[in-house]
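Below, read A as the first sequence line, B as the second, and so on, with proteins coming before strands; counting in each chain starts at 1. Note that the structure is a prediction, hence the values are computed from the model and not measured.
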2 protein chains.
Amino acid sequence: MNSHELFHTLHQLSRHLTNTLNEALKPLGLYGSQWSVIFVLKSKGSLTQKELCEYLFVEAPPMTRTIQRLVKQGYVLQVPGKDKREKLIQLTDVALKMFPLWEKTVIETNQSLMKHFPETSQEKLFHLQKSWLQQLL
Amino acid sequence: MNSHELFHTLHQLSRHLTNTLNEALKPLGLYGSQWSVIFVLKSKGSLTQKELCEYLFVEAPPMTRTIQRLVKQGYVLQVPGKDKREKLIQLTDVALKMFPLWEKTVIETNQSLMKHFPETSQEKLFHLQKSWLQQLL
DNA sequence: CCACTATAGTTACCTAGGTAACTAATTTCA
DNA sequence: TGAAATTAGTTACCTAGGTAACTATAGTGG
């Protein structure tokens, strides 16, 4: 094992997971990146764009783009925040109604992705990656 | 730990590694994806585009783009292969001369990325990733 | 031989993430 | 108070990976 291999498998895994989720959400008209935003909003309630960026570790421009797309789809609203700069993002009723279906799809996809990967391995993987990431940031 | 967290951490790590490498290679006029192609060509010698795609697990169109960019930069040549469809990709003398510097940069970056991540953990992580990936593909 | 199928690479277009630059608004501090 | 610095979000543009469709070439089998 050298670092090339470590990095390569990591990137490859990431891409594979992304592509599989996108494929699963495609019939529902969503992409993984949009689901991530929706999921966070559902879990934590309305957030500012800044908070979304911080939570999901995504830079502002792509977050703007994702949110604008979700606004266009009618799944989120941009509501003025505590001052004139700030925008609060919240889920619409449409999104709340759709959420269970989206969630079901994601959970099934994730389970299928991890079907043959033991839970102990998942836990180990998570902790190793989290540990690495934490010392990087 | 739930699958959202596992996936999120993984993607985040992947992005961080990619961005850090790109930043390091930027002064040398290279991107990580180009380096990957160069590295494989240096390791294994001339390969067809198809072989490069297979080795790096990238679809043909982005590989075409990366190669075309490398051709424009004068780092690779496209040489006719065994039939009229096939193109062999090989490193130019310029690239061979530059390679040590590129490699040094990449190695230093990688080492810095892993500085506080013990080698035993790296090995464990690699094997977990590889194991998961193998049952997915 | 030739129609059909498969293959290698390309083009067009999509999403996603990033940086740089920018605008408008807010905060800071002399 | 007001200039300078900071902040929240946007615009422009870049790279990277993907799918669909395509072109030219090669292989297959009746």
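If you take CD of A:Gln68 and C1' of D:dT10, they are 7 Å apart, rounded to a whole angstrom. For the pair A:Lys72 NZ and C:dC14 P, the interatomic distance rounds to 12 Å; values are reported in whole Å. Taking atom CG of residue B:Asp83 and atom P of nucleotide C:dA8, one finds them 8 Å apart after rounding to whole Å. Atoms CD (B:Gln49) and P (D:dG17) sit 15 Å apart, rounded to a whole Å. Taking atom CG of residue B:Asn22 and atom P of nucleotide D:dC14, one finds them 16 Å apart after rounding to whole Å. Rounded to whole Å, the distance from NE2 on A:His16 to P on D:dG18 is 11 Å. Between the CD1 atom of B:Ile67 and the P atom of C:dA8 there is a distance of 14 Å, given to the nearest Å. Residue B:Leu21 contributes atom CG, which lies 16 Å from atom C1' of C:dG17 at whole-angstrom precision.
For B:Val58, the listed nucleotide lying nearest its side chain is D:dG18; candidates were D:dG9, C:dT15, D:dG18. For A:Ser33, taking side-chain heavy atoms from C-beta onward, the closest of the listed nucleotides D:dG18, C:dT15, C:dA20 is C:dT15.
Dashed line: the shortest gap from a side-chain N or O of A:Lys82 to OP1 or OP2 of D:dA8 is not under 4.0 Å. Between A:Gln78 and the phosphate of D:dA8, there is no side-chain N or O to OP1/OP2 separation shorter than 4.0 Å. Remark: A:Thr64 is not in phosphate contact with D:dG9, judged by side-chain N or O atoms under 4.0 Å from OP1 or OP2. Contact annotation: A:Lys87 does not reach the phosphate of D:dG9 (side-chain N/O to OP1 or OP2, under 4.0 Å).
In terms of polar N and O atoms assigned as donor or acceptor, the side chain of B:Arg65 comes within less than 3.5 Å of the base of D:dG18 in a complementary pairing. Under 3.5 Å, the side chain of A:Arg85 and the base of C:dT26 form no donor-acceptor pair of N or O atoms.
Place A:Ala60 and B:Gly32 on DNA chain D by their nearest nucleotides, and A:Ala60 ends up nearer the 5' end. Each of A:Pro61 and A:Glu23 was assigned the nucleotide of DNA chain D with the nearest heavy atom; the assignment lying further toward the 5' end belongs to A:Pro61. Of the residues near DNA chain C, A:Glu59 and A:Lys84, the one whose nearest nucleotide (by heavy atom distance) lies more toward the 5' end is A:Glu59. Residue order along DNA chain C, read from the 5' end via each residue's closest nucleotide, puts B:Met63 first among B:Met63 and A:Pro62.
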Full working for side chain to side chain donor-acceptor pair (under 3.5 Å) between A:Gln12 and B:Gln129: CA-CA 9 Å; A:Gln12 213 185 337; B:Gln129 285 174 178; over 6 Å; no
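Within the 6.0 Å centre-distance limit, the rings of A:Trp35 and A:Phe99 are counted as a close aromatic pair.
Side chains of A:Gln73 and A:Gln34: a donor-acceptor N/O pair is present below 3.5 angstrom, by distance only. Residues A:Thr48 and A:Glu51 have side chains that bring a donor and an acceptor to within less than 3.5 angstrom of each other. Side-chain contact annotation: A:Gln78 with A:Gln49, donor-acceptor N/O pair under 3.5 Å present.
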